Q: 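Please find one structure pasted underneath; my questions will follow.
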Amino acid sequence: MCGIIGYVGAEASDRPLAVVMEALSRLQYRGYDSAGVVVVGEAGLAHAKKAGKLDALEGELAARPLQTASCAVGHTRWATHGGPTDRNAHPHLSQDESVAVVHNGILENHATLRQELRAEGVEFASETDTEVAAHLLARAYRDLGNLPDAMRAVARRLEGAFTLLAVAADNPKEVVGARRTSPLVVGLGQGENFLGSDVAAFIAHTNRALELGQDQVVTITPTSVSVTDFAGNPAPTREFTVDWDASAAVKGGFATFMDKEIHDQPDAVRDTLLGRTTPQGRLQLDELRIEESLLRSVDKIIVVACGTAAYAGHVAKYAIEHWCRIPVEVELAHEFRYRDPIVTVKTLVVAISQSGETMDTIQAIRHAREQGAKVVAVVNTMGSTIARESDAALYTHAGPEVAVASTKAFLAQITATYLLGLYLAQLRGVMFADEIRGVLEELDLMPAKIQEVINSEGEIRALAERMKDTRSVLFLGRHVGFPVALEGALKLKELAYIHAEGFAAGELKHGPIALIEDGQPVFVVVPSPRGRDVLHDKVLSNIQEVRARGALTLVVAERGDRAVLEHAERVFWVPQTPTLLAPLVAVVPLQIFACALAGAKGLDVDQPRNLAKSVTVE
Ligand code: AGP
């Protein structure tokens, strides 16, 4: 989704443009297909924009340098209305070039407004919805005489999701932003201030940030930040400190962000566990600001999420139902609100999201809250919309996840939902304290176990290299191995662009086994033989069923499970873990395999085609 950065400093210099271009580089992971910048200095407003990646914009700036300035705004666009062309790239200027605007989101009433403006003689230069805002803003600026009032007047007329940043040609010391649903956060500097679609935009310059609420307008100058609602009333703000630094958002010597983030996983789990238990082994989730009496009365949990986050929810279902004996439904967020779900005041909705900005999930939690449910967000991005619009946020501490394909956030999401389940069990008295302590002690061992799997990555990479021409891979799993199989398939689809499908192993004989032919690679996630042995034996049978039909059986199994050896072409061993915690190690070979195979094919591992890191449109 679009990346946005705004900067205002005290003196006219080259710094504003440098800050903005560096931020756009850091925001590339959000996925984009054009980019642009606008600067304002004593000489007024100047801009540059180009379709393609940032290097195209850099080429344009080299050919036609912009003047020095004291404020600048930058944008990377992920095309929604109008193709990825130079003229559809942001910023968009008003006809008189008095104001420039960048936008993230969709203005749902842009057609009506476009007709109104055309009737007044406005000529449009692009096919975008955003350009409507530029013309409306110029008209309001002329009428009201200042950009904040003009922005408030325009924002009140807009429908849909938007983050807008605007500058005026005659005021180089001010950047004005407005947000409804789409992300925007303020960076607080010394003699300079920032606006960004997420903290990665300005983390290189400050770790002090202000989160913004719904329907707010923010005005930054070199020495001030003011926030109001769309009516102009001052709005409360909350300052927070970003708990990671710019170095965390760079590759750290790895070939790709995804490689780095796979290796970050032990820390992601460890940091998500940190500080959430007492020395006596009791859970303390201070951030879970929902009345304990209500949590005790919860009679159903609904997880809403998309993609990998939804698969984390599937893992959570097995654990929470086992520990708490509360029914857990896992719903794809984009399906949830359209199926008339049964939601009551006793329903606890858990929204899982790395970015905290996935529009499908945002809309799902809004629907849930309208139905009277309490919502807990399990998110990785502080100050994000889902965190702010939920009743409580249980943060994952995976650090910035830059690669589009989620890895460390997935493990952190699973870890956080385990903690939520154990907390509910503790509160409702359905598990003994020593049982909870036992699970927590096992969880504390998981970072080292994950590291053990990562250390064996060489053999997985070698297999991927040999299989780089494969056209289809199937993934099987049972119980918590089933969502692991789904996630392994998704990783391969989104990274290597090949057909991959995850199945519940028991489902195979009900149709999918027809897919098995000679040489068909099939990954099988085998549950611990120390858990439910019937489960283990069933999966062994499934391996034999596919192998008998020619499948290439690639097995993920617990170290010491010698029963798999006779049925597997290759075995990827993972450390012994309790059944419910196994996904934290079982998924790692599948992540490494997909990352390595995509690399072997020479594909863009961090920014796969057609994908965005955060899907901020429905
Ligand atoms: C996972 O690798 C994908 N990038 C995608 O499925 C992602 O998990 C999904 O879009 C949800 O994103 P979120 O966690 O930011 O809400």
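In this chain, numbering begins with 1 at the start of the sequence shown. All values reported here derive from a predicted model rather than from experimental measurement. In each ligand, atom 1 is the first atom listed, and ligand 1 is the first ligand listed.
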Q: Examine the side chains of Lys374 and Thr347 and answer whether a donor and an acceptor come within less than 3.5 Å of each other.
A: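 Absent: no donor and acceptor within the cut-off.
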Q: Hey, which atoms in ligand 1 end up nearer than 4.0 Å to a heavy atom of Ala405?
A: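 Reading through ligand 1 atom by atom, the close ones are 2 (O).
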Q: Tell me whether Arg609 forms a cation-pi arrangement with Tyr497, defined as NZ or CZ under 6.0 Å from the six-membered ring centre and within 45 degrees of its axis.
A: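 Relative to the ring axis of Tyr497, which defines the angle, Arg609 lies inside both limits.
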Q: Please classify the Glu357 to ligand 1 contact at 4.0 Å (heavy-atom distances, strictly less than): side chain, backbone, both or neither.
A: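 It is neither; nothing of Glu357 touches ligand 1.
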Q: Tell me the protein heavy atom at minimum distance from atom 10 (O) of ligand 1, and give that distance in Å.
A: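 Ranked first by proximity to atom 10 (O) of ligand 1 is Val615 CG2, 4.3 Å.
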Q: What are the two closest non-hydrogen atoms of Gly502 and Ala489, and how far apart are they?
A: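 Heavy atoms of Gly502 and Ala489 come nearest at N-CB, 3.5 Å.
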Q: Closer than 4.0 Å to some heavy atom of Gln354 - which atoms of ligand 1 meet that?
A: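 Selected atoms, number and element: 13 (P), 14 (O), 15 (O), 16 (O).
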Q: Decide if the gap between the ring center of Phe593 and the ring center of Phe523 is smaller than 6.0 angstrom.
A: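 Yes, close enough.
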Q: Looking at atom 7 (C) of ligand 1, what's its closest protein heavy atom, distance included?
A: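 Checking every protein heavy atom, the shortest distance to atom 7 (C) of ligand 1 gives Thr308 N, 4.2 Å.
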Q: Just how far is it from atom CZ of Arg179 to atom CG of Leu164, taken to the nearest 0.5 Å?
A: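 The CZ atom of Arg179 sits 11.5 Å away from the CG atom of Leu164.
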Q: Evaluate side-chain contact (heavy atoms from CB on, under 4.5 Å) for Leu463 paired with Arg570, printing each intermediate quantity in order.
A: CA-CA 9 Å; Leu463 173 71; Arg570 295 297 305 277; 4.0 Å; yes
Q: Which distance, rounded to the nearest 0.5 Å, do you find between the NE2 of His110 and the CD of Glu108?
A: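 So the gap between those two atoms works out to 9.0 Å.
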Q: Which of the numbered atoms in ligand 1 are under 4.0 angstrom from any heavy atom belonging to Thr358?
A: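 It comes down to these atoms of ligand 1: 12 (O), 13 (P), 15 (O), 16 (O).
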Q: Looking at ligand 1, does Ser614 have a heavy atom less than 4.0 Å from it?
A: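 So Ser614 does not count as touching ligand 1.
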Q: For Val404, is the nearest heavy atom under 4.0 Å from an atom of ligand 1?
A: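 The answer is yes: ligand 1 sits under 4.0 Å from a heavy atom of Val404.
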Q: Enumerate the atoms of ligand 1 whose separation from the nearest heavy atom of Lys491 is less than 4.0 angstrom.
A: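 That gives atoms 1 (C), 2 (O) of ligand 1.
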Q: Could you identify the single nearest non-hydrogen protein atom to atom 15 (O) of ligand 1 and state the distance to 0.1 Å?
A: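 Scanning the protein heavy atoms, the shortest distance from atom 15 (O) of ligand 1 goes to Ser355 OG, 2.7 Å.
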Q: Hey, which of Thr616, Thr381, Thr385 is the one that makes side chain to side chain donor-acceptor pair (under 3.5 Å) with Glu357?
A: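 Result for side chain to side chain donor-acceptor pair (under 3.5 Å) with Glu357: Thr385.
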Q: Which class fits the ring pair His479 and Tyr318: parallel under 30°, tilted 30 to 60°, perpendicular over 60°?
A: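 Tilted.
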Q: Report the nearest protein non-hydrogen atom to atom 3 (C) of ligand 1: residue, atom name, distance rounded to 0.1 Å.
A: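 Among all protein heavy atoms, the one nearest atom 3 (C) of ligand 1 is Glu494 OE1, 3.4 Å.
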Q: Closer than 4.0 Å to some heavy atom of Cys306 - which atoms of ligand 1 meet that?
A: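 Counting atoms of ligand 1 from 1, those under 4.0 Å from Cys306 are 8 (O), 9 (C), 11 (C).
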Q: What atoms of ligand 1 come closer than 4.0 angstrom to any heavy atom of Ser353?
A: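 Checking each atom against Ser353, I get 13 (P), 14 (O), 15 (O), 16 (O).
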Q: Heavy-atom contacts with Ser406 under 4.0 Å: which atoms of ligand 1 show up? List them by number with element.
A: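 Those qualifying, in numeric order: 1 (C), 2 (O).
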Q: Can you classify the ring geometry of Tyr418 versus Trp323 as parallel (below 30°), tilted (30 to 60°) or perpendicular (above 60°)?
A: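 If you compare the ring of Tyr418 with that of Trp323, the planes turn out perpendicular.
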Q: Which atoms of ligand 1 sit under 4.0 Å from any heavy atom of Gly307?
A: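 Result: 6 (O).
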